[in-house]
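Only one structure is covered here, and it is reproduced in the block below.
Below, read A as the first sequence line, B as the second, and so on, with proteins coming before strands; counting in each chain starts at 1.
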There are 2 protein chains.
Amino acid sequence: MNSDVAIRRLSAIAQEGRLAVFRLLVKAGPQGLAAGDIARKLDTPANTMSAQLLVLANAGLVRARREGRSIIYCVDFEAMGDLLVFLTEDCCGGRAEICAPLAKVASCCNTGGKHETPARSRRRG
Amino acid sequence: MNSDVAIRRLSAIAQEGRLAVFRLLVKAGPQGLAAGDIARKLDTPANTMSAQLLVLANAGLVRARREGRSIIYCVDFEAMGDLLVFLTEDCCGGRAEICAPLAKVASCCNTGGKHETPARSRRRG
DNA sequence: TTCATATTTCAATGATTCCGGAAATATTGG
DNA sequence: CCAATATTTCCGGAATCATTGAAATATGAA
């Protein structure tokens, strides 16, 4: 990961419509959603949606595959992870307490799919 | 965290100069750096740097404090963490293997780093 | 107070981005 | 082939953004 790629990825999701698309696809998982379905769900004209998906795809954050007449878009979770790693590089210089808040980002991978809430953390102790 | 805040934060770091500033400050840690030092390190005019820092500060990603004639900027690590959590919300729908790559984001927080004093850090440079 | 340093604000300019109408392309079914 | 569906490409105008010279503000030192 270099700065140019990171900027392209950040720019891609730094916009209302595209961020909504990205988050919708994050929730949809690897199975993805058809371009038209996304456009309908987010109440956006097809051509505008196409442009938004193109930006996300060029950034490498989503991938497209054809299925019949539809084009299915899904998040590239590895690309997404690379971006987050880039942003947090050398984030605490060995002082874990500084960036401890970041630990919860990955908590979904250890808690059966949900991010850990403060309440649940408290309950567990 | 809502979309508006997330977009503001993403836009703030989705630009070459500001991303460089942000990453420099991430590495600098809570101790931060003076505006002038940042400008010199990144070879940027003072007024340009001031504008870039203002955007980052307005986004809540960095905070400023005065120390003598200098204004010291440092990353708000909690704000940064909130943003990453927002982006990964519901990221794997219970299937940990999907977002497993994200686990390494927080890996720095599990390395048992030692605590560094500001004085020692200063001595080193 | 006067000077030097550190940073910000103002204003203007050039560059980039966003959106959606209209037209084009690709696929499937009849 | 033709029609229907799904998506993309082209284009232009409006809006937003980035940069920087010049001037202003704030602090500390003499």
If you group Ile, Leu, Val, Met, Phe, Trp and Tyr by side-chain heavy-atom gaps below 4.5 Å, do Leu42(A) and Phe86(B) land in one group?
->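 Yes, because Leu42(A) and Phe86(B) connect within a single hydrophobic cluster, where side-chain heavy atoms sit under 4.5 Å apart.
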
Is there a residue in residues 36-46 of chain A whose heavy atoms reach under 4.0 Å of DNA chain C, and which residues are they?
->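 Hits under 4.0 Å, by residue number: Pro45(A).
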
Selected nucleotide, minimal atom distance to [X] side chain, candidates [options]:
{"X": "Leu54(B)", "options": "dT9(D), dC19(C), dT9(C)", "answer": "dT9(C)"}
{"X": "Asn47(A)", "options": "dT7(C), dA22(C), dG21(D)", "answer": "dA22(C)"}
{"X": "Arg18(A)", "options": "dC18(C), dT19(D), dT9(D)", "answer": "dC18(C)"}
{"X": "Ala51(B)", "options": "dT7(D), dT19(D), dT9(D)", "answer": "dT19(D)"}

Any side-chain N or O of [X] less than 4.0 Å from the OP1 or OP2 oxygen of [N]?
{"X": "Arg69(B)", "N": "dA4(C)", "answer": "no"}
{"X": "Ser70(B)", "N": "dA6(C)", "answer": "no"}
{"X": "Tyr73(A)", "N": "dA6(D)", "answer": "no"}
{"X": "Gln15(A)", "N": "dT16(D)", "answer": "no"}

Report yes if some heavy atom in the side chain of Leu10(B) is under 4.5 Å from a heavy atom in the side chain of Leu83(B); otherwise report no.
->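 In contact.
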
Taking the side chain as every heavy atom from C-beta outward, state whether Val21(A) and Leu53(A) have any atom pair closer than 4.5 Å.
->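 SC-SC contact between Val21(A) and Leu53(A) confirmed.
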
Separation of atom [atom1] in [X] from atom [atom2] in [N], rounded to whole Å:
{"X": "Arg65(A)", "N": "dT27(C)", "atom1": "CZ", "atom2": "C1'", "answer": "17 Å"}
{"X": "Ile71(B)", "N": "dT27(D)", "atom1": "CD1", "atom2": "P", "answer": "8 Å"}
{"X": "Met49(A)", "N": "dT7(D)", "atom1": "CE", "atom2": "P", "answer": "11 Å"}
{"X": "Ile72(A)", "N": "dA26(C)", "atom1": "CD1", "atom2": "P", "answer": "19 Å"}
{"X": "Leu53(B)", "N": "dT7(C)", "atom1": "CG", "atom2": "P", "answer": "9 Å"}
{"X": "Gln52(A)", "N": "dT7(D)", "atom1": "CD", "atom2": "P", "answer": "14 Å"}
{"X": "Asn58(A)", "N": "dT9(D)", "atom1": "CG", "atom2": "C1'", "answer": "13 Å"}
{"X": "Glu67(B)", "N": "dT7(C)", "atom1": "CD", "atom2": "P", "answer": "11 Å"}

Salt-bridged, Arg65(B) to Glu67(B), with N to O below 4.0 Å?
->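 A salt bridge links Arg65(B) with Glu67(B).
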
Within the side chain of Arg18(B), is there an N or O that forms a donor-acceptor pair under 3.5 Å with the backbone of Ala12(B)?
->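 Yes, the answer is positive, given that a donor and an acceptor are paired below the 3.5 Å cut-off.
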
Which sits closer to the 5' end of DNA chain C, Arg66(A) or Ala34(B), going by the nucleotide each is nearest to?
->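 Whichever sits nearer the 5' end wins; that is Ala34(B).
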
Answer yes or no on whether Arg9(B) is positioned over the face of Phe22(B), meaning its NZ or CZ is under 6.0 Å from the six-membered ring centre and within 45° of the axis.
->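 Not satisfied by the 6.0 Å and 45° rule.
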
Does CG belonging to Asn2(A) count more than 12 external heavy atoms closer than 6.0 Å?
->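 Counting other residues, nucleotides and ligands, CG of Asn2(A) exceeds 12 neighbours.
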
